[in-house]
Amino acid sequence: MTERGWKTVWITGASSGIGQELAKLMDGAADHVVISARSVNKLEALSERSRAIASFPLDVTDTEAVSDCVKTIEVTAGPIDLAVLNAGAWALMDAQHLELEAVRTGIEVNYMGVMNAIDALIPPMIERRRGHIAIVASVAGYRGLPRSIAYGPTKAALNNLAEILRLELEPHGITISVINPGFVDTPMTQNNPFPMPSIVSAEEAAKQILEGLKRRRFEIAFPRGFIMVMKLMQLMPLGLYFWLVRKIVMRGKT
Ligand SMILES: NC(=O)c1ccc[n+]([C@@H]2O[C@H](COP(=O)([O-])OP(=O)(O)OC[C@H]3O[C@@H](n4cnc5c(N)ncnc54)[C@H](OP(=O)(O)O)[C@@H]3O)[C@@H](O)[C@H]2O)c1
């Protein structure tokens, strides 16, 4: 990190929502902010705001493209100090109406997209004995929630992955963070047909994330009150948890 903050930051999924707002905030906190996603026009519109922001269009499911992206950033903008692996896909789905293609997309984008990035990031970071990798998961990964079959399991996997990475990579000087937002008002949640308690704006989410990253926290989770409830549910015995979710979230549906 420099006096201004980080030297080079890479954010995936920066064409909208949380990633886009975080890129705007990072503009004041890093010398170089490289933004990736598939929507070239949206990335370019964002990069036109500031000379510090550079766009690198990318599909995170393409292993080779991710590897090339990391190598190119390191050559053009300098060693990546912080990578925020934020690209994600959500699909609402009932177990009775499985859509395997959407399940596969969830795994490919949310989990393999992160794996592709860390595969490319770990060797140079180990060599430098420094670097910070932040993985955007979700509170939906804390426990099984109805209708999140194509999403929740991938976010649970990311929480598990972050713990493994922290244990194995911290001795090599690499910082690991896992970001678990509650509901955030972004294109991802815009069509959700259910109530979203304690929803926060993407700007607020980005502020909380930036603050947590500056403090190098392992888990960055928000908003606080909602997280406390979700953490309590995580600790509940199975029987009580199933009863409560059926009663409150599913309202008696079986
Ligand atoms: N919104 C919430 O309530 C909430 C809560 C908890 C966690 N999260 C997590 O926060 C992260 C950001 O979500 P958001 O709410 O900001 O949603 P969003 O506005 O829909 O942003 C998703 C981002 O991921 C990118 N993306 C999707 N597939 C991609 C791919 N194959 N390759 C590269 N980029 C891809 C999208 O860009 P392109 O389409 O241009 O590629 C977009 O920039 C996600 O990981 C999400 O799971 C969100």
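Treat the numbers as computed from the prediction; the structure is a model and nothing was measured.
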**Item:** Inter- and intrachain pairs under side-chain hydrogen bond (donor to acceptor under 3.5 Å, both in side chains), touching residues 182-197, at least two apart
**Value:** W90-N192
**Prompt:** Do any pairs count as a side-chain hydrogen bond (donor to acceptor under 3.5 Å, both in side chains) and have a residue in residues 40-51, sequence neighbours left out, and if so which ones?
**Reply:** D27-S50
Exercise: identify the closest heavy-atom pair between [X] and [Y]:
{"X": "P57", "Y": "L43", "result": "CA-CD1, 3.7 Å"}
{"X": "N110", "Y": "G88", "result": "OD1-CA, 3.2 Å"}
{"X": "A30", "Y": "V9", "result": "CB-CG2, 3.6 Å"}
{"X": "I35", "Y": "L46", "result": "CD1-CD2, 3.7 Å"}
{"X": "A202", "Y": "V184", "result": "CA-CG1, 3.7 Å"}
{"X": "A77", "Y": "T8", "result": "O-OG1, 2.8 Å"}

**Request:** Please name all residues satisfying ring-ring contact (aromatic ring centres under 6.0 Å, His included) with Y142, sequence neighbours left out, ordered by chain then number.
**Result:** none
Are [X] and [Y] connected, step by step, through hydrophobic side chains (Ile, Leu, Val, Met, Phe, Trp, Tyr) whose heavy atoms are closer than 4.5 Å?
{"X": "L238", "Y": "V249", "value": "yes"}
{"X": "M228", "Y": "I199", "value": "no"}
{"X": "V33", "Y": "I80", "value": "no"}
{"X": "F242", "Y": "L240", "value": "yes"}
{"X": "I248", "Y": "V139", "value": "yes"}

**Item:** Contacts of S55 that satisfy side-chain hydrogen bond (donor to acceptor under 3.5 Å, both in side chains) - sequence neighbours left out
**Value:** none
**Request:** For T61, check side-chain hydrogen bond (donor to acceptor under 3.5 Å, both in side chains) against everything at least two apart and list the hits.
**Result:** D59
How long is the straight-line distance from [atom2] of [Y] back to [atom1] of [X], given to the nearest 0.5 Å?
{"X": "L165", "Y": "L158", "atom1": "CG", "atom2": "CG", "value": "10.0 Å"}
{"X": "I227", "Y": "Q234", "atom1": "CD1", "atom2": "CD", "value": "9.5 Å"}
{"X": "S36", "Y": "N86", "atom1": "OG", "atom2": "CG", "value": "11.0 Å"}
{"X": "L210", "Y": "I220", "atom1": "CG", "atom2": "CD1", "value": "9.0 Å"}
{"X": "Q96", "Y": "I149", "atom1": "CD", "atom2": "CD1", "value": "9.0 Å"}

When you measure from the side chain of [X] to the backbone of [Y], do you find a donor-acceptor pair of N or O atoms at a distance under 3.5 Å?
{"X": "D81", "Y": "K7", "result": "yes"}
{"X": "S67", "Y": "T63", "result": "no"}
{"X": "N116", "Y": "V60", "result": "yes"}
{"X": "Q208", "Y": "P223", "result": "no"}

Can you find a heavy atom in the side chain of [X] that is under 4.5 Å from one in the side chain of [Y]?
{"X": "K214", "Y": "W6", "answer": "yes"}
{"X": "L161", "Y": "I118", "answer": "yes"}
{"X": "L58", "Y": "R38", "answer": "no"}
{"X": "V66", "Y": "K71", "answer": "no"}

With sequence neighbours excluded, give me every salt bridge (Lys or Arg N to Asp or Glu O under 4.0 Å) pair touching [range].
{"range": "residues 133-143", "answer": "none"}
{"range": "residues 109-118", "answer": "none"}
{"range": "residues 194-212", "answer": "E211-R215"}
{"range": "residues 93-122", "answer": "D94-R147, E101-R104"}

Give the table of side-chain donor-acceptor pairs shorter than 3.5 Å for residues 172-182, with sequence neighbours excluded, one pair per line with atom names and distance.
from : atom 1 : to   : atom 2 : distance (Å)
T175 : OG1    : R216 : NH1    : 2.8
S177 : OG     : H132 : NE2    : 2.8
S177 : OG     : R217 : O      : 2.7
N180 : OD1    : S138 : N      : 3.0
N180 : OD1    : N159 : ND2    : 3.2
N180 : ND2    : N159 : OD1    : 2.9
N180 : ND2    : E219 : OE2    : 2.7

Quiz: residues 13-26 side-chain donor-acceptor pairs under 3.5 angstrom, not counting sequence neighbours:
from : atom 1 : to  : atom 2 : distance (Å)
Q20  : NE2    : S15 : O      : 3.4
E21  : OE2    : K24 : NZ     : 3.1

**Request:** Could you check L85, I133, V84 and say which one makes a side chain to side chain contact (heavy atoms under 4.5 Å, CB included) with W10?
**Result:** L85
**Message:** Applying ring pair (Phe, Tyr, Trp, His ring centres under 6.0 Å) as the test, list every pair that has at least one member in residues 178-231; sequence neighbours left out.
**Reply:** F183-F226
**Prompt:** What do you reckon, is CE of M236 surrounded by more than 12 foreign heavy atoms closer than 6.0 Å?
**Reply:** yes
